[in-house]
Amino acid sequence: MKIAIASDHAAVDLKAELAQWLRDEGHEVDDLGPATADRVDYPDYGYKLATVIASGAAERGIALCGSGIGISIAVNRNPACRCALVGEPLSAALAREHNDANVIAMGARLTGIDMAKACVAAFLTTDFGGGRHGPRVDKLSNPAL
């Protein structure tokens, strides 16, 4: 699977660890930056990630910042993105199953590497449930429905 990943300076180490782990697992990873822990603004990287997901250049995305909140808000500004802030595997799985999330966000100051890997694994292996959830997900991108 092709996965795009982006962070701010607070999560650059977690991003690097997750990107390498994903590559080791056989995924193609597009690391959208930043490359260093120099201060950056999370909206810039959230918007960059959202653009990649919306274009179809990556199937799924992982957004990281200190809390995960700010970058998830930035990603969700793009109507083609459904970014869920997660902190454990069940929320990551439900984000896929019920909301067809195509991006998850996590906070590097709140989530350790093992928990982050468990969340990503659940996110990547859970399918969208469809059914009654389909029309609801459609409304997320088109409120007029």
Side-chain angles (χ1 to χ4, degrees), residues 1-23 25 27-129 133-145:
M1 183 178 297
K2 181 144 187 201
I3 302 161
I5 188 168
S7 73
D8 71 355
H9 56 280
V12 72
D13 292 338
L14 179 60
K15 178 179 62 74
E17 288 186 64
L18 287 174
Q20 187 56 56
W21 172 72
L22 287 164
R23 287 183 187 104
E25 294 290 311
H27 298 284
E28 184 180 344
V29 178
D30 187 4
D31 185 338
L32 303 174
T36 70
D38 294 341
R39 193 192 76 76
V40 298
D41 296 329
Y42 60 80
D44 297 336
Y45 289 90
Y47 298 150
K48 189 174 186 179
L49 176 60
T51 299
V52 169
I53 295 298
S55 75
E59 297 169 67
R60 304 265 175 88
I62 301 168
L64 307 165
C65 68
S67 68
I69 297 168
I71 201 163
S72 69
I73 292 169
V75 171
N76 279 321
R77 298 275 185 204
N78 188 313
C81 295
R82 292 171 305 283
C83 180
L85 176 61
V86 303
E88 36 61 45
L90 179 58
S91 60
L94 290 173
R96 284 287 310 132
E97 184 180 346
H98 291 188
N99 308 111
D100 199 18
N102 49 14
V103 181
I104 56 170
M106 293 179 284
R109 294 181 180 135
L110 307 172
T111 309
I113 186 63
D114 291 334
M115 184 60 72
K117 286 178 182 178
C119 290
V120 170
F123 173 63
L124 297 179
T125 59
T126 302
D127 293 326
F128 176 49
H133 303 294
R136 295 172 184 154
V137 169
D138 292 342
K139 285 183 178 183
L140 294 173
S141 296
N142 187 353
L145 292 178

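Rounding to the nearest 0.5 Å gives a distance of 4.0 Å between NE2 of His98 and NE2 of His133. Taken from CG in Leu64 to CD1 in Ile104, the straight-line distance is 8.0 Å, to the nearest 0.5 Å.
Remark: the backbone N or O of Ala101 is paired with a side-chain donor or acceptor of Arg96 at under 3.5 angstrom. Looking at Arg77, its side chain never comes within 3.5 Å of a backbone N or O of Pro43 through a donor-acceptor pair. Here the side chain of Glu88 pairs a donor or acceptor atom with the backbone of Ser91 at under 3.5 angstrom. At distances below 3.5 Å, at least one donor-acceptor pair connects side-chain atoms of Asn102 with backbone N or O atoms of Ala80. Between the side chain of Lys48 and the backbone N or O of Ala6 there is no donor-acceptor pair closer than 3.5 Å. Panel note: side chain Lys15, backbone Pro34; a donor-acceptor pair is recorded below 3.5 Å.
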Inset, instruction - Applying side-chain contact (heavy atoms from CB on, under 4.5 Å), run through Arg82 and Asn99 and close with a yes or a no. - result: CA-CA 8 Å; Arg82 292 171 305 283; Asn99 308 111; 5.7 Å; no
Inset, instruction - Given side-chain contact (heavy atoms from CB on, under 4.5 Å), test Ile113 with Trp21 step by step and report yes or no. - result: CA-CA 10 Å; Ile113 186 63; Trp21 172 72; over 6 Å; no
Inset, instruction - Carefully, step by step, assess Tyr45 and Val40 under the rule side-chain contact (heavy atoms from CB on, under 4.5 Å). - result: CA-CA 9 Å; Tyr45 289 90; Val40 298; 3.7 Å; yes
Inset, instruction - Report the C-alpha distance between Ile62 and Leu22 in whole Å, list the side-chain angles of each, state the deciding distance to 0.1 Å, and finish with yes or no for side-chain contact (heavy atoms from CB on, under 4.5 Å). - result: CA-CA 11 Å; Ile62 301 168; Leu22 287 164; 3.7 Å; yes
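Ser7 and Ile71 make their closest contact through CA-CD1, 4.1 Å (heavy atoms, listed as atom of the first residue, atom of the second, distance). Taking every heavy atom of both residues into account, Ala92 and Cys119 meet most closely at CB-O, 3.3 Å. The two residues Ile53 and Glu59 have their closest heavy-atom pair at CD1-C, 4.4 Å.
Annotation: side chain of His27 is in contact with side chain of Leu124 (closest heavy-atom distance under 4.5 Å). Within the 4.5 Å cutoff, side-chain heavy atoms of Arg23 are placed close to those of Asp31. A heavy-atom distance below 4.5 Å is not found between the side chains of Ile5 and Leu49.
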